[in-house]
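For reference, the structure is listed below as structure tokens.
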Amino acid sequence: MTLASDVLAQGLSTGGFRQWILENIIPLLLIIVALLLLWLGGGKGDNAGVAKRLIGVLVALAIVGLAVSGAGEGIGKWLAGLFQQG
């Protein structure tokens, strides 16, 4: 006997939620970070502080990009290949 909950559970996945986060939350966070950088450092004339924060944000974005794209595994294999003897 098939229950309605069994049928509903077969169609559930996290693909749609992941796509929604990538399309909506990530760009919103990027806009917020950019506005905060401009507001906190730009108004005070602290250009060096803004540059330091910007580099940190770029490194964080690179890490997020690697995690989202799935390219991290290939890069890890390439780095490991640099240290293999043979």
Side-chain angles (χ1 to χ4, degrees):
M1 179 168 153
T2 304
L3 297 175
S5 61
D6 292 338
V7 174
L8 288 174
Q10 291 176 359
L12 295 178
S13 72
T14 59
F17 184 65
R18 180 180 178 269
Q19 192 64 30
W20 182 83
I21 287 175
L22 290 175
E23 292 175 357
N24 296 303
I25 300 296
I26 301 292
L28 181 64
L29 288 175
L30 292 176
I31 290 171
I32 290 171
V33 166
L35 290 175
L36 283 173
L37 281 173
L38 291 173
W39 181 62
L40 291 174
K44 298 176 186 175
D46 183 19
N47 294 335
V50 172
K52 288 178 190 176
R53 289 185 200 107
L54 182 61
I55 290 172
V57 168
L58 290 176
V59 169
L61 287 176
I63 292 170
V64 169
L66 286 174
V68 169
S69 69
E73 183 180 350
I75 292 173
K77 288 181 181 178
W78 175 75
L79 284 172
L82 291 176
F83 298 106
Q84 286 182 348
Q85 295 181 1

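FYI, side chains are in, hydrogens and waters are out, and symmetry mates aren't considered; it's all heavy atoms of this structure. Everything numeric here is computed off the predicted structure, so don't read it as measured data.
- With rounding to the nearest 0.5 Å, the separation of CD1 in Ile63 from CG in Leu58 is 11.5 Å.
- By the side chain to side chain contact (heavy atoms under 4.5 Å, CB included) test, Ala60 pairs with no residue at all, sequence neighbours left out.
- With sequence neighbours excluded, the residues that form a side chain to side chain contact (heavy atoms under 4.5 Å, CB included) with Leu28 are Ile32.
- Sorted by first and then second residue, the pairs that involve residues 59-79 and meet salt bridge (charged side-chain N to carboxylate O under 4.0 Å, His left out), not counting sequence neighbours, are Glu73-Lys77.
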